[in-house]
Amino acid sequence: MEYNFSEIESIARNKWTKSQVYKVDTESNKPKYYVLDMFPYPSGAGLHVGHPLGYIFSDIYARYKRMQGFNVLHPMGFDAFGLPAEQYAIQTGQHPAVTTAQNISTYKKQFEKIGFCFDWSREVSTCDPAYYKWTQWIFLQLFNSWYDKPKEKAINISELITLFSQEGNHSTNAACDDKTLLFSASEWNAYSPLEQQEVLMDYRLAYRKESFVNWCPALGTVLANDEIINGVSERGGYPVEKKKMSQWFLRITAYAERLLKGLESLEWTESMKEMQRNWIGKSTGAMVSFSLKNHEDKIEVFTTRVDTIFGVSFLVIAPEHELVSKITTNENRSDIENYIKACASKSDIERQSEKRVSGQFTGAYVIHPFTQKELPVYIADYVLSGYGTGAVMAVPSGDQRDYLFSKKYNLPVLPISDAQQNLDKEADSTKEGKYINSDFINGLGYREATQLVIQKLEATGIGHGKVNFRMRDAGYSRQRYWGEPFPIYYDSNGIIHTIPEEDLPVTLPVVDSYKPTGTGESPIANASEWVERMGSGTRMETDTMPGYAGSSWYFLRYMDPNNKDTLVGSSAQQYWQNVDLYVGGSEHAVGHLLYSRFWHKFLKDIDVLSTEEPFKKMVNQGMIQGRSLLTKDNQIKGLSGGLHIPLSFTSIGDKIYKDNFCRLQKEDNRFENLNADIDVIWELDKDGKAFLSLSPQVEKMSKRYLNVVNPDDVVEQYGADTFRMYEMFLGPIDTAKPWDTNGISGVANFLRKFWRLFYDESGNPKFSEVSASDEELKILHKTIKKISEDLERFGLNTCVSNFMIGVNELSKLASVSKATLTDLIKLIAPFAPHTAEVLWSNLGNESSVVDASFPKFDTKYLIESSFNYPIQVNGKHRGNIEIALDMDESEVRKLVLEDDRIAKFTEGKEPRKFIVVKGRIINVVI
RNA sequence: GCCCGGGUGGUGGAAUGGUAGACACGCAGGACUUAAAAUCCUGUGGCCAUCGCGGCUGUGCGGGUUCGAGUCCCGCCCCGGGUACCA
């Protein structure tokens with residue numbers, strides 16, 4: 001029997017399908033292990049060879065864990081709502097559900113070919129109403145919850161309403177808007193329903209408020225931040241402006257502290273944790289309020305360097321600060337207004353790239369809380385309205401931006417520490433040294449000074465210590481069609497009502513057009529019957545939820561995918577707990593991974609879950625890049641290089657032959673007007689054939705670079721097992737690496753060689769019933785040891801190497817015993833499941849190799865009696881000597897020093913030191 | 001700027017402080033073939049060599065610790081990723 005991969009694959013696949021071997025049961029007395037991939041967005045382009053990298057990795061690991069005796073959950077599904085399907089619908093009129101279903105079926109066919117062990121009976125798709133019913137349900141729970149800070153827990157809003165009606169909100173300590181007014185019980189009870197609704201919005205974890213969004217008038221829609229490039233829309237390049245609209249938000253900031261603290265318990269890479277920490281952006285500092293001269297209002301400032309308060313020489317507030325118009329004096333008013341206008345017309349990019357500082361004096365002054373000095377108040381766009389209080393106390397000697405500002409507007413630079421240097425050139429933010437010119441903190445160090453200032457501020461009521469987070473609440477409204485509808489409607493008085501849980505899901509309406517309405521409303525607003533479905537005069541929420549809604553909890557649904565009563569049944573959740581190993585790209589570090597952690601914590605608070613964190617351990621696969629081929633300068637007359645040539649037209653050695661070039665000319669309009677004989681400067685190979693040598697470049701695998709490689713083609717040509725092992729062999733899972741088909745023959749050869757351990761050239765079986773030789777057992781157990789250790793540390797690239805070494809060594813033996821072959825099949829089964837399954841059957845096994853037990857190594861086969869020691873003289877390698885491992889050290893010394901090769905270098909001198917590292921090395925120091 | 005990674009042959013990459021370059025690709029030579037493909041064997045960091053003894057040198061650069069450093073420490077350079085007028 002020859003190694004015929006396509007035959008092998010179909011035999012293995014049939015066996016698996018017939019026995020439903022990948023179906024996972026929650027009823028099990030085995031320990032559980034949950035291996036999860038980030039589920040894909042099913043795009044119309046299908047998979048390229050970069051996509052399966054993580055899936056192959058997790059598949060191997062899942063199979064390995066199963067063979068170790070775990071009950072392994074390894075599911076797959078689809079993140080199926082999203083913009084591309086909707087845009088395709090706008091262009092073609094096809095319903096997104098139809099195209100999405102087609103794409104999903106393409107993906108599944110591609111998956112099938114690679115031999116993944118997914119349990120498809122647990123498949124989920126976020127656009128399936130049976131799934132998004134629960135996405136809507138979670139939203140309702142968020143809407144009906146508030147966050148109790150002392151309890152560090154989400155609590156049902158009804159408790160809060162009861163509390164308000166009994167004692168007002170004086171004693172509540174909730175995660176809410178800082179500006180929430182205080183009220184008594186009688187005030188609360190006197191509020192109108194609308195007023196009560198307004199107040200509750202400050203507490204709910206899902207709430208509605210007015211906010212600025214990116215509005216693109218030309219496209220008639222709101223855009224997400226990542227749809228805007230350089231201040232204009234990604235599609236079409238139209239200008240984008242800020243527009244105030246009422247939007248839904250999720251109060252993720254309530255969980256900021258828990259999200260930060262939870263990172264400590266996770267086995268993620270330090271860089272992933274660091275990205276989340278940066279995003280959460282905790283900074284500890286203080287609030288200080290500065291009284292305005294001749295005004296009742298105060299300007300509140302947040303600072304992380306309250307110790308520098310005696311260095312304050314002016315205040316700067318954001319142009320959008322609410323007090324600007326109130327405090328601006330008449331003689332400064334027109335300048336201020338002009339400045340604000342100038343700022344508003346600048347895009348964010350322009351504002352950030354502007355290296356010079358600019359600002360404008362308001363004419364107002366504040367009083368320094370300690371020195372009572374008058375300080376001028378400026379507006380400047382380097383102060384952001386969205387961070388802290390939108391106002392800063394400027395300390396030119398300690399902050400470079402304040403310093404530049406002070407130079408430009410001639411404001412004093414006050415030294416405050418004896419360690420500050422070069423203040424005539426730049427600011428010095430040192431925390432070293434003792435304070436000077438600083439009243440009651442003079443002579444103190446940084447820590448004591450900070451403490452003392454905060455103490456004084458708190459004692460006098462001027463300020464207080466404060467923790468600030470950079471993270472903002474997450475916008476949750478999209479003016480789109482292809483997303484989850486909100487289970488929310490408004491009555492004629494503007495009161496918000498929820499759709500009863502038993503009426504979920506609220507399914508998407510049928511619409512005539514998927515185009516945005518042009519008024520900033522989603523296309524759903526045109527489905528008037530649907531909009532009024534809760535009674536005339538009522539109006540359904542017509543926005544839909546964002547992409548991250550469905551992806552924030554999908555991993556829970558896999559545990560119990562068909563449960564009609566709850567999003568995950570408690571027995572299933574108790575058994576599966578959370579994800580043990582999560583494999584996916586690091587590009588989701590702060591989006592998906594942060595939202596999922598937030599939802600998970602919330603669902604724990606409301607007793608749906610028993611675990612605090614969703615993903616215990618993470619592996620981030622690196623990107624597989626494409627290797628593109630481009631023309632070089634002057635190869636084509638009048639062209640200075642840089643034209644991508646499709647890989648299918650090129651030959652080994654990075655060249656394109658003339659006949660291929662002419663074929664390409666017929667398909668590609670970039671070349672069709674060229675005369676191949678005149679306009680192209682050809683080189684000639686040794687056979688006289690004309691070609692161009694192209695220049696290779698490694699870049700993202702993408703349609704537009706014509707460098708996409710389809711896994712189907714690779715599987716077709718080399719087989720699924722070769723493809724799987726080659727992707728792993730390419731390099732460590734977490735680094736970016738270029739796809740290069742050149743190396744794949746090495747892995748293909750290996751699998752053929754592996755096969756030849758079982759069958760000779762004429763296809764006759766070589767299963768020898770004789771017992772294994774010592775040498776054979778040594779090779780086997782050495783290989784088992786290496787593979788097991790490498791699997792544990794996720795080094796799958798070296799696993800493949802070690803298979804090659806083992807098989808090369810075994811091939812040299814006269815025969816290999818059936819027992820050894822059996823172990824080899826089991827060892828390779830996670831990597832090359834098709835080949836392993838067929839060999840397993842051919843050896844006479846009825847069961848599937850998927851359920852065989854992974855071999856364990858026995859150290860007794862690995863014991864060596866001697867070792868070929870490398871001998872160093874003064875740290876330099878001078879030769880090797882085979883020495884028995886149980887030899888006495890004095891004898892070893894004698895043996896080594898008397899060796900000719902070594903004696904040459906020791907020159908007969910007595911060594912100063914003689915180092916023997918047993919089983920490793922010997923170093924003679926002269 | 002700040003925070004993470006990383007820099008090793010022609011290429012992808014190996015190497016618990018212990019023989020640097022495993023494994024593979026590519027390349028060169030050979031065997032088998034009328035020939036090619038496939039397969040197998042040999043060689044392959046660089047320099048020197050009285051090319052089958054051997055020697056020198058070599059993991060971005062400069063120092064250090066150590067019997068011994070790709071690996072640890074200090075100071076730089078470069079590349080990739082993240083992030084930013086964040087007060």
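FYI, side chains are in, hydrogens and waters are out, and symmetry mates aren't considered; it's all heavy atoms of this structure. To find a chain, count down the sequence lines: A is the first, B the second, and so on, and within it residues start at 1.
Within 6.0 Å of the CH2 atom in W279(A), the count of heavy atoms belonging to other residues, nucleotides or ligands does not exceed 12. Within 6.0 Å of atom CZ in R912(A), 12 or fewer heavy atoms from other residues, nucleotides or ligands are found, so the atom counts as exposed in its surroundings. The neighbour count for K737(A) NZ, taken as heavy atoms of other residues, nucleotides or ligands under 6.0 Å away, is above 12.
For the pair Y718(A) OH and rC25(B) P, the interatomic distance rounds to 12 Å; values are reported in whole Å. Distance, F750(A) CZ to rA38(B) P: 20 Å, rounded to whole Å. As rounded to whole Å, 13 Å separates atom C1' of rG82(B) from atom CG of N620(A). R401(A) places its CZ atom 11 Å from the C1' atom of rG1(B), with the value rounded to the nearest Å. Between the CZ atom of F803(A) and the P atom of rA22(B) there is a distance of 20 Å, rounded to whole Å. In this structure, R470(A) atom CZ and rC85(B) atom C1' are separated by 13 Å, rounded to whole Å. Rounded to an integer number of Å, the gap from NZ of K918(A) to C1' of rG68(B) is 21 Å. The NE2-C1' distance, from H592(A) to rG82(B), rounds to 18 Å in whole Å.
As judged by a 4.0 angstrom heavy-atom cut-off over every strand, R277(A) is placed among residues making no nucleic acid contact. Nucleic acid contact for T269(A): none, since no nucleic acid atom lies under 4.0 Å from a heavy atom of the residue. Residue contacts for Y726(A): at a heavy-atom cut-off of 4.0 Å it reaches no nucleic acid atom on any strand shown. Across all strands, N749(A) comes closer than 4.0 Å only to sugar-phosphate atoms, never to a base (heavy-atom distances). Contact annotation for N808(A): backbone-only contact, meaning every heavy-atom pair under 4.0 Å involves sugar-phosphate atoms and none involves a base.
Using P as the reference atom, rU71(B) and rC61(B) are 11 Å apart when rounded to the nearest Å. The separation of rC32(B) from rC41(B), taken at their C1' atoms, amounts to 11 Å, rounded to a whole angstrom. Using atom C1' as the reference point in both rG10(B) and rA28(B), the two lie 13 Å apart (nearest Å). Separation of the C1' atoms belonging to rU16(B) and rG12(B) is 24 Å when rounded to the nearest angstrom. Nucleotides rC25(B) and rG80(B) have their P atoms positioned 31 Å apart, rounded to a whole Å. Rounded to the nearest Å, the gap between the C1' atom of rA24(B) and that of rA14(B) is 11 Å. rG45(B) and rG13(B) have their C1' atoms separated by 15 Å, given to the nearest Å. A distance of about 16 Å separates the P atoms of rC78(B) and rG62(B), rounded to the whole Å.
Closest contact between the side chain of N742(A) and the listed nucleotides rA87(B), rC25(B), rA24(B) involves rC25(B). Nearest to the side-chain atoms of M804(A) among the listed nucleotides rA87(B), rA24(B), rC67(B) stands rA24(B).
F57(A) and F794(A) have tilted rings, their planes meeting at an angle from 30° to 60° on a 0 to 90° scale. Between Y3(A) and W755(A), the ring planes lie tilted relative to each other; the angle falls in the 30° to 60° range. Between F290(A) and H368(A), the angle of the ring planes goes over 60°, which puts this pair in the perpendicular group of the 30/60° scheme.
At least one cation-pi condition fails for R401(A) and Y382(A): the charged atom is not both under 6.0 angstrom from the six-membered ring centre and inside a 45 degree cone around its axis.
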Practice item. Report the secondary structure of RNA chain B in dot-bracket form, marking unpaired bases with a dot and bases paired to a different strand with |, and treating Watson-Crick or G-U pairs with both distances under 3.5 Å as paired. Key: (((((((..(((.....[....)))((((((.......))))))((((.....))))..(((((..]....))))))))))))....
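The nearest heavy atom of RNA chain B to N468(A) and to V925(A) marks one nucleotide each, and the one closer to the 5' end goes with V925(A).
When atom types are taken as modelled, the side chain of S397(A) and the backbone of A427(A) share no donor-acceptor pair closer than 3.5 angstrom.
Ring centroids of Y726(A) and Y718(A) are separated by 6.0 Å or more, keeping the two rings apart.
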Exercise for review: Could you encode protein contacts along nucleotides 2-19 of chain B as a string, one character per nucleotide from 5' to 3', using B for base contact, S for sugar-phosphate-only contact and - for no contact, with a heavy-atom cut-off of under 4.0 Å?
Suggested key: -SS-------BSSSB-BB
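Pairing each heavy atom of A474(A) with each of Y548(A), the nearest pair is CB-OH, 3.3 Å.
Across N802(A), I828(A), L757(A), a single residue satisfies side chain to side chain contact (heavy atoms under 4.5 Å, CB included) together with V807(A), and that is L757(A).
In textbook terms, a nucleotide whose glycosidic angle is within 90° of 0 is syn, while rG55(B), being further out, is anti. rC27(B) takes the anti form, because its glycosidic angle lies more than 90° either side of 0.
For the atom pair OH of Y435(A) and OG1 of T308(A), the computed distance is 7.5 Å after rounding to the nearest 0.5 Å.
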Distances under 3.5 Å between nitrogen or oxygen atoms of protein and nucleotides 69-71 of chain B:
none

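Ionic pairing of E889(A) and K918(A) is not present here: no N-O contact between side-chain nitrogen and carboxylate oxygen is shorter than 4.0 angstrom. Salt-bridge annotation for K273(A) and E264(A): absent, with no side-chain N of the basic residue lying under 4.0 Å from a carboxylate O of the acidic one.
Proximity of R756(A) to the phosphate of rA38(B): no side-chain N or O atom is located under 4.0 Å from OP1 or OP2. Within the 4.0 Å cut-off from OP1 or OP2 of rC67(B), not a single side-chain nitrogen or oxygen of R912(A) is found. Within the structure, every side-chain polar atom (N or O) of K876(A) is placed at least 4.0 Å from both OP1 and OP2 of rG55(B).
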